[in-house]
Each structure stands twice: as C-alpha cells, then as structure tokens.
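One structure below.
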Protein chains: 2
Amino acid sequence: MSEDIKMLTDIESLSGSLAQRVYQSLREAILAMVYPPGSVLKKNVICEQLGVSRSPVAEAIARLAAEGLVDVIPQSATRVSCFSMEEIREASFLREALECAAVETVAMQRSDEQLAKLTRNVRLQEMLVEDRDYAEFYKADEEFHGLIMEFTGFPGVSSVAATVSLQLKRVRMLLLPEEGRPAETIKEHRAILDAIRDQDPAAAQAAMKAHLRMLIPRLLPLEKEHAEYFRSR
Amino acid sequence: MSEDIKMLTDIESLSGSLAQRVYQSLREAILAMVYPPGSVLKKNVICEQLGVSRSPVAEAIARLAAEGLVDVIPQSATRVSCFSMEEIREASFLREALECAAVETVAMQRSDEQLAKLTRNVRLQEMLVEDRDYAEFYKADEEFHGLIMEFTGFPGVSSVAATVSLQLKRVRMLLLPEEGRPAETIKEHRAILDAIRDQDPAAAQAAMKAHLRMLIPRLLPLEKEHAEYFRSR
DNA sequence: AGTCGTCAACTAACATGTTAGTTGGCATCT
DNA sequence: AGATGCCAACTAACATGTTAGTTGACGACT
C-alpha cells in the first residue's frame with residue numbers, strides 16, 4: 001500500500017487565523033511540488049491531515065484559486081493548476097513591468113543607506129556562490145529583488161509582484177542550478193546595482209529588463225522535458 | 001426612524017456562483033459609495049438583504065479584504081477601508097507600471113485591426129463629449145485603456161490592472177467632471193494613439209505616463225474636501 | 001461489440017449551529 | 001467626580017449538517 005503521505009507543514013508552526021495558516025501551508029506545498037500540477041486536492045483529506053474543519057480550507061482554497069494556483073471545477077473537484085507557456089509569458093510580462101518601474105524609481109531616489117544594503121546583498125550573493133550554497137543564494141537573489149521593490153516606498157509593490165510571479169516561482173523549481181548560471185546572475189545583479197549607484201534610471205531599467213529576460217529561454221525546454229506538468233491543448 | 005436602506009444590486013441579475021454574485025454586488029456598492037469609506041459591514045444585515053446565508057458573504061468579504069477594499073478587524077467588525085494618499089500613490093504607481101509596459105508592447109506589435117479599434121474608440125470619445133454624455137464618456141475612457149491592455153495578448157494584464165486600480169476607481173467617484181477636463185483627456189488619448197499608430201514605443205510610453213500623471217494632482221484637494229473619507233493618522 | 005441512458009458515489013457549494021474574542025457600558029471603588 | 005474592573009451583547013471565526021451538481025461505471029438496448 002503506498003500510503004501516499006503528502007507532507008503539509010504543520011499549521012501549528014504558523015501565525016494568524018486558521019484560514020491564513022491553512023492557506024500558507026497549502027501554498028507552500030504547491031510551490032514545493034508536494035502537490036504536483038494536475039493533482040487533485042481533496043478537502044476532506046486536507047481537513048483531517050491538518051486537523052481542522054472545512055471552513056478554513058474552503059477560504060484558503062478560494063484564495064489559491066483567485067491567485068491561479070488551483071483550478072476549481074464547480075461541484076466536481078479542485079486540482080493544482082498546470083503550467084502553460086502562455087501564463088508563464090504573461091507572468092513574466094507583469095513581473096518585468098513592475099520590477100522595471102521599481103528599479104527606475106529607486107535609481108532616481110535612492111538613499112545612501114539603501115545603496116549600502118543592496119551592495120551588501122550582492123556581496124553576500126558572491127560569497128554564497130563561492131561556497132556553492134545555492135539554496136541560500138536563491139534566497140539572497142529573491143531578497144535583492146525584494147529590497148529594490150521595498151525601496152520604492154510602496155510596500156504593496158513587493159506583494160503584488162510576488163502574487164503575479166507565483167507561477168514563475170513554481171516553475172522555477174524545475175530548474176536545477178546549472179553550473180555557471182549563478183555567476184551570470186551575479187553579473188547582471190551587479191549591472192543593476194551599478195546603475196542604481198550611478199542614479200541612472202534608464203540604465204537600471206535596461207539592466208533589469210535584460211536580467212529578467214534570461215529566465216524564459218531557460219524555461220522553454222521544460223515544456224517538453226516535463227510535459228506532464230504542462231497543460232495539453 | 002431612518003431606515004437606512006442601503007441598496008444592493010440584486011444578486012438575481014448576476015451570474016456565477018452565489019459567492020461570486022455576492023462579491024460583485026458588494027464590490028459595486030462599495031465602489032459606488034453606497035457604503036462610504038469607514039462604514040461598517042454587518043454580515044447578518046447583508047445576509048437578509050440578499051437572502052443568502054453567511055457562507056457566501058464570508059467568502060465575498062474575504063476576497064474584498066484581499067483586494068484591500070475592506071478592513072476586517074478580527075473578532076470585532078469589518079469596515080469599508082478609508083482612503084489614504086499613500087495607498088492612492090501606490091495604486092497609481094502600479095497602474096503606471098502596468099499600463100506603460102502594455103502600451104509599449106502594443107506600440108511595437110500592433111495589428112492594423114487593433115489600431116482601427118482604438119481609433120474608433122477615440123472618435124467615439126469625441127462624439128460623446130460633444131454630446132456632453134459624460135457617463136458614457138467615462139465608460140469609453142475605461143474601454144480605451146482596457147483595449148490597450150487586451151492587445152498585449154495577455155488577458156491577465158487587464159484584470160491585474162483593474163485589481164490594483166480599485167482604490168483609484170473608487171476615489172475617482174468623488175471627482176466631478178470639471179468642465180474642460182474631458183477635452184484634455186481626449187488630447188492625451190490622441191497622443192497615445194498617434195504613438196501607437198507610428199509604432200513608436202518610447203513615445204507611447206511617455207504619452208501614457210504623462211496622461212496617467214494628470215490624475216494625482218486632481219485628487220490631492222480631496223484629502224481636505226472629503227477628510228471624512230480619509231484615514232486619520 | 002458499441003452506444004446510450006441511468007444511477008450511485010463523490011464533490012463543491014450552501015446553510016446553519018457553536019465558539020471565542022472584542023467592545024462598550026455600567027457599577028464599583030478610590 | 002474620575003478611574004478601573006467587570007459583564008453582557010455583539011461579531012467574526014470555526015465546526016458541522018444539508019443540498020445539488022458532476023462523474024464515471026454499469027447495464028440495457030441497438
């Protein structure tokens with residue numbers, strides 16, 4: 001008997017309302033491919049696995065559906081949404097729009113302290129790659145982008161970008177860190193950083209655009225390598 | 001006795017799940033200032049007004065909260081969110097980022113048919129202003145922006161923009177159409193259209209940016225004129 | 001054998017009952 | 001009179017019971 005134990009992070013370790021915790025737990029599981037694209041989510045199973053009733057999971061699933069992570073088939077089932085190259089392109093477009101606007105703004109109005117934080121972050125990235133600690137590098141990478149958006153002064157930019165980039169974040173899990181790519185990534189980050197240092201908005205935007213556009217080409221092969229995760233049409 | 005009859009659009013006239021219809025009804029009421037900012041939403045009242053139980057309204061309110069239209073105070077109350085100039089600036093930033101990216105893309109890759117549709121729309125705007133039909137003009141204005149985003153080929157751009165612009169849409173209701181402004185608006189739309197016709201992405205983006213930045217200055221006086229709708233801090 | 005209609009089992013969606021946390025008012029104490 | 005603690009009423013949040021729509025499998029009919 002394959003007991004098929006899908007591991008959900010225990011909601012005890014999270015804060016906020018029950019529904020909020022269930023949402024975080026499910027979201028994490030989906031992003032980590034614990035529930036692969038196409039797999040069905042059963043409310044009852046989740047209820048007893050987390051030890052809660054159907055109300056909070058219903059709310060959590062509603063939020064996930066609103067964000068496009070799951071597809072709810074009315075009166076029938078709810079399954080983790082499959083990838084589609086179109087959605088990925090769209091998410092990429094949205095992300096580019098937001099992050100380019102952010103970096104343009106930051107390049108214009110940055111403070112010295114903000115520049116220092118970004119510089120420190122890039123140095124950290126370099127150290128982590130030297131140490132081959134790719135997991136931590138990934139986190140530092142995300143933090144770099146997060147810092148830039150935070151420095152616009154608009155806290156919502158970061159969260160909106162995170163929401164529209166969810167699909168990207170998920171599909172990115174399929175990419176193993178190719179040897180050499182982190183070094184390239186850091187170079188691109190440095191180019192962005194330099195433009196921010198020089199307070200050159202146009203250069204910053206161009207550097208960010210070039211950086212973000214590196215992703216799609218690396219994603220393209222996945223459609224055939226992992227066809228099972230992609231929507232058939 | 002002030003019976004305080006808040007009119008909600010009847011959910012019978014809408015389609016989709018019950019929760020979806022309740023959401024649309026509430027959303028419309030909030031945007032139309034039927035529920036002014038700061039007013040409290042009572043689940044029981046809404047339930048009996050719409051003739052539904054608490055489940056669908058709970059889901060609807062959860063969505064409204066996620067979009068920032070209402071603030072839920074845990075275990076206590078849920079009230080329509082007040083305006084804050086910071087949030088308005090943020091929404092404006094996000095909208096600018098998305099619409100500028102969209103118009104840039106469309107200027108690069110437009111089809112002749114798309115150009116024709118946009119041209120027709122601007123002509124319609126001109127006719128409507130001549131006829132002083134400002135309500136229809138408002139709709140045509142929104143359609144103009146919607147068309148541009150639609151023409152990117154990414155259907156989600158329009159809906160994401162609509163979501164992040166919700167606060168803008170609501171606060172805009174306080175603006176009476178000043179005499180002369182529609183004519184200016186059309187000039188700006190024409191400038192955008194011309195750049196799209198000429199397939200000049202940079203000009204298109206610049207024209208869009210100039211156009212969108214007309215809004216904030218007109219909104220600034222509202223913070224004192226309608227202080228009751230704004231968050232005190 | 002293949003197709004179509006029927007039906008039982010399962011699911012999301014909805015309704016309703018229950019719990020627990022917050023709030024405002026009143027009485028009490030200083 | 002003013003501050004403080006207590007209590008009742010109200011609310012969102014959670015749990016659970018009920019409904020209705022979908023699906024897939026089985027059997028009857030061609």
Side-chain angles (χ1 to χ4, degrees), chain A residues 4 6 8 10-27 29-30 35 38-82 232, chain B residues 4 6 8 10-27 29-30 35 38-82 232:
Chain A
D4 200 11
K6 308 285 192 175
L8 291 174
D10 202 338
I11 56 174
E12 304 297 335
S13 62
L14 299 168
S15 63
S17 73
L18 248 188
Q20 180 73 11
R21 283 178 283 176
V22 172
Y23 164 76
Q24 287 183 24
S25 178
L26 286 177
R27 190 183 110 114
I30 292 173
Y35 293 110
S39 61
V40 294
L41 253 53
K42 305 201 181 194
K43 278 212 181 110
N44 293 332
V45 177
I46 296 167
C47 287
E48 66 182 47
Q49 276 191 343
L50 293 178
V52 298
S53 77
R54 302 194 302 268
S55 301
V57 296
E59 189 180 325
I61 286 181
R63 286 188 59 184
L64 292 170
E67 291 170 353
L69 281 181
V70 301
D71 294 327
V72 176
I73 297 125
Q75 309 288 2
S76 171
T78 146
R79 56 182 63 220
V80 178
S81 64
C82 289
S232 56
Chain B
D4 200 11
K6 307 286 191 174
L8 290 174
D10 203 337
I11 57 174
E12 304 296 334
S13 62
L14 298 168
S15 62
S17 74
L18 205 45
Q20 180 74 11
R21 283 179 283 174
V22 173
Y23 164 75
Q24 287 183 23
S25 178
L26 287 177
R27 191 184 108 115
I30 291 172
Y35 293 110
S39 61
V40 294
L41 254 52
K42 305 201 181 192
K43 278 212 181 106
N44 293 332
V45 178
I46 296 168
C47 287
E48 68 182 46
Q49 276 191 344
L50 294 177
V52 299
S53 77
R54 303 195 302 270
S55 301
V57 296
E59 188 180 327
I61 286 181
R63 285 189 59 184
L64 292 170
E67 291 170 352
L69 281 181
V70 301
D71 293 328
V72 176
I73 298 124
Q75 308 289 357
S76 169
T78 146
R79 57 183 64 221
V80 178
S81 65
C82 289
S232 56

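Note that the structure is predicted; figures quoted are calculated from it, not measured. In the text below, chain A, chain B and the rest are named by the order of the sequence lines, each starting its count at 1.
The distance from atom OH of B/Tyr35 to atom CG of B/Leu69, rounded to the nearest 0.5 Å, is 13.5 Å. Here the CZ atom belonging to B/Arg79 is positioned 10.5 Å from the NZ atom belonging to B/Lys42, to the nearest 0.5 angstrom. Annotation: the span from A/Leu18 atom CG to A/Ser55 atom OG amounts to 10.0 Å, rounded to 0.5 Å. Between atom CG of residue A/Leu41 and atom CG of residue A/Leu26 there is a gap of 6.0 Å, rounded to the nearest 0.5 Å. Atom OG of A/Ser81 sits about 9.5 Å away from atom CG of A/Leu64, to the nearest 0.5 Å. For the atom pair CZ (A/Arg21) and OG (A/Ser15), the distance works out to 8.0 Å, reported to the nearest 0.5 Å.
Taking atom CD1 of B/Ile46 as the reference point, atom C1' of C/dA15 lies 17 Å away to the nearest angstrom. Distance, B/Asp71 CG to D/dT11 P: 18 Å, rounded to whole Å. The separation between B/Arg79 atom CZ and C/dT23 atom P is 10 Å, rounded to whole Å. Between the NZ atom of B/Lys42 and the P atom of C/dT23 there is a distance of 14 Å, rounded to whole Å. Computed from coordinates, the B/Leu50 CG to C/dA15 C1' distance equals 15 Å when rounded to whole Å. In this structure, B/Leu41 atom CG and D/dT11 atom C1' are separated by 13 Å, rounded to whole Å. A/Gln75 has its CD atom 5 Å from the C1' atom of D/dG21, to the nearest Å. The distance between atom CD of A/Glu48 and atom P of C/dT11, rounded to the nearest whole Å, is 11 Å.
Inter-residue side-chain proximity for A/Arg54 and A/Ile46 is flagged as unmet; no heavy-atom pair is nearer than 4.5 Å.
Between B/Lys43 and D/dT11, a side-chain N or O to OP1/OP2 separation shorter than 4.0 Å is absent. Phosphate contact (OP1/OP2 of C/dT22, side-chain N/O of B/Ser76, threshold under 4.0 Å): absent.
Within residues 54-69 of chain A, the residues having any heavy atom under 4.0 Å from DNA chain D are, by residue number, A/Arg54, A/Ser55, A/Pro56.
Listed nucleotides D/dA13, D/dA15, C/dA15 differ in distance to B/Val72; the shortest reach to its side chain belongs to D/dA13.
Mapped onto DNA chain D by nearest heavy atom, A/Gln20 and A/Pro74 fall at different nucleotides, with A/Gln20 at the one closer to the 5' end. Of the two residues near DNA chain D, B/Asn44 and A/Ile73, the one whose nearest nucleotide lies more 5' is B/Asn44.
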